[in-house]
Number of protein chains: 2
Amino acid sequence: MARAATTSDACNAVAEPRRREILSYLGTHERPVGEIVIALKLDQPSVSKHLGVLRKVGLVRMRCDGRHKYYRTNAAAIKPLHDWSTEFEKFWQHQLARVKQRAEEKANQGK
Amino acid sequence: MARAATTSDACNAVAEPRRREILSYLGTHERPVGEIVIALKLDQPSVSKHLGVLRKVGLVRMRCDGRHKYYRTNAAAIKPLHDWSTEFEKFWQHQLARVKQRAEEKANQGK
DNA sequence: TTTACATATTCCGATATGGGTATCTATTGT
DNA sequence: ACAATAGATACCCATATCGGAATATGTAAA
């Protein structure tokens, strides 16, 4: 077996930095492909392909209007990712708290 | 260019489902490799390789003790991912609110 | 010092990727 | 009908991947 397909999962789709840029650029604001091409300075075929991947995993939605196709990110599809990372939130909060505490102790030594 | 290396980024490292399992299994609880192998029913070389990737991007920390190596997840390395997805939180909240509202309107029609 | 154990590394093969370039389709304007 | 425009698709290539099997390293026990 090889690496999992980029289209197998929101996680895999989002691993590609350009796709993250696209999602950020389209907040939930609907935009035609051409605008993405210009704004992010990517080749048009590249953008089309990235959008294809994002669409297959439900991360973007598309609406046709004549020869234009309007894309917007489907934020709900990002939530599972967010939920997964939230599993670890308590841990890094502890870590950061400890770091802060040590820093304060060190500062107090100087007094 | 090909697909970005799995070791190029926490995002790419985490795209692989087994690596996510490993991170979840080790909360911040320190465990030797062998325990991961047994708990997740993976081959030992596979686990070692996954741990190598996770280590390279800082998602796990390692401590040597004799012939054992203890791994634990470094939760702080997951925070950037969490922060990125949080960017979209406001959007899915809106979406879910709309869905709920429509459902309630529909329910009220029946009265 | 030989043996057993814990983990890491290497080699292989099949596969999907992303960039680039060219081309195809569909819709609009003249 | 024809040209122009928006977007998708097809093709090629270099590369990294994961699994599997075998082997290597390093530590501890006999």
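All chains are named by letter (A, B, ...) in the order of the sequence lines, taking the proteins before the strands, and each is independently numbered beginning at 1. Just so it is clear, the model here is predicted, and its values are computed rather than measured.
- Hydrophobic clustering, with ILVMFWY side chains joined whenever heavy atoms are under 4.5 angstrom apart, keeps A/L26 apart from A/V53.
- A donor-acceptor contact shorter than 3.5 Å links the side chain of A/T86 to the backbone of A/H82.
- Scanning for salt bridge (Lys or Arg N to Asp or Glu O under 4.0 Å) contacts around A/R18 gives an empty result, with sequence neighbours left out.
- The nucleotide whose nearest atom lies closest to any side-chain atom of A/A5 is, among C/dA16, D/dG7, C/dT7, C/dA16.
- Whole-Å rounding puts the A/K56 NZ to C/dA16 C1' distance at 12 Å.
- What separates NE2 of B/H68 from C1' of C/dT7 is a distance of 10 Å, to the nearest Å.
- For the residue pair B/S48/B/Q44, the side-chain donor-acceptor check at 3.5 Å is satisfied.
- A heavy-atom distance below 4.0 Å to DNA chain D is reached by none of the residues of residues 20-34 of chain B.
- Applying the salt bridge (Lys or Arg N to Asp or Glu O under 4.0 Å) rule to pairs touching residues 32-55 of chain A yields A/R31-A/E35, sequence neighbours excluded.
- The residue B/Y70 sits apart from the nucleic acid: no heavy atom pair falls under 4.0 Å.
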Between protein and nucleic acid, restricted to nucleotides 28-30 of chain C and to nitrogen or oxygen atoms under 3.5 Å apart, what atom pairs and distances do you find?
none

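- The nearest whole Å value for the distance from the CG atom in B/L54 to the P atom in D/dT17 is 13 Å.
- In this structure, the CD1 atom of A/I38 is 12 Å from the C1' atom of D/dA6, given to the nearest Å.
- Among residue pairs with one or both ends in residues 62-78 of chain A, those qualifying as side chain to side chain donor-acceptor pair (under 3.5 Å) are A/E30-A/R63, A/N74-B/Q95; sequence neighbours excluded.
- B/W92 and B/V99 fall into different hydrophobic clusters, defined by Ile, Leu, Val, Met, Phe, Trp and Tyr side-chain heavy atoms under 4.5 Å apart, directly or through other members.
- Looking at every heavy atom in both residues, A/V57 comes nearest to A/T6 through CG1-O, 4.2 Å.
- Under a 3.5 Å cut-off, the side chain of A/N12 and the backbone N or O of A/T7 do not form any donor-acceptor pair.
- Between the side chain of B/S8 and the backbone N or O of B/A5, at least one donor-acceptor pair lies under 3.5 Å.
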Strictly under 3.5 Å: I want the nitrogen or oxygen pairs between protein and nucleotides 18-23 of chain C, one per line.
{"unit_1": "C/dG18", "atom_1": "OP1", "unit_2": "A/R19", "atom_2": "NH1", "d": "3.4"}
{"unit_1": "C/dG18", "atom_1": "OP1", "unit_2": "A/R19", "atom_2": "NH2", "d": "2.8"}
{"unit_1": "C/dG18", "atom_1": "N2", "unit_2": "B/M1", "atom_2": "O", "d": "3.3"}
{"unit_1": "C/dG18", "atom_1": "N3", "unit_2": "B/M1", "atom_2": "O", "d": "2.7"}
{"unit_1": "C/dG19", "atom_1": "OP1", "unit_2": "A/R18", "atom_2": "NH1", "d": "2.4"}
{"unit_1": "C/dG19", "atom_1": "OP2", "unit_2": "A/S46", "atom_2": "OG", "d": "3.3"}
{"unit_1": "C/dG19", "atom_1": "OP2", "unit_2": "A/H50", "atom_2": "NE2", "d": "3.3"}
{"unit_1": "C/dG19", "atom_1": "N7", "unit_2": "A/K49", "atom_2": "NZ", "d": "3.4"}
{"unit_1": "C/dG20", "atom_1": "OP2", "unit_2": "A/D43", "atom_2": "OD2", "d": "3.0"}
{"unit_1": "C/dG20", "atom_1": "O6", "unit_2": "A/K49", "atom_2": "NZ", "d": "2.7"}

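- We find that CG of B/L51 is positioned 13 Å from C1' of C/dA6, with the value rounded to whole Å.
- With respect to the salt-bridge test (charged N to carboxylate O, under 4.0 angstrom), the residues B/R20 and A/D9 qualify.
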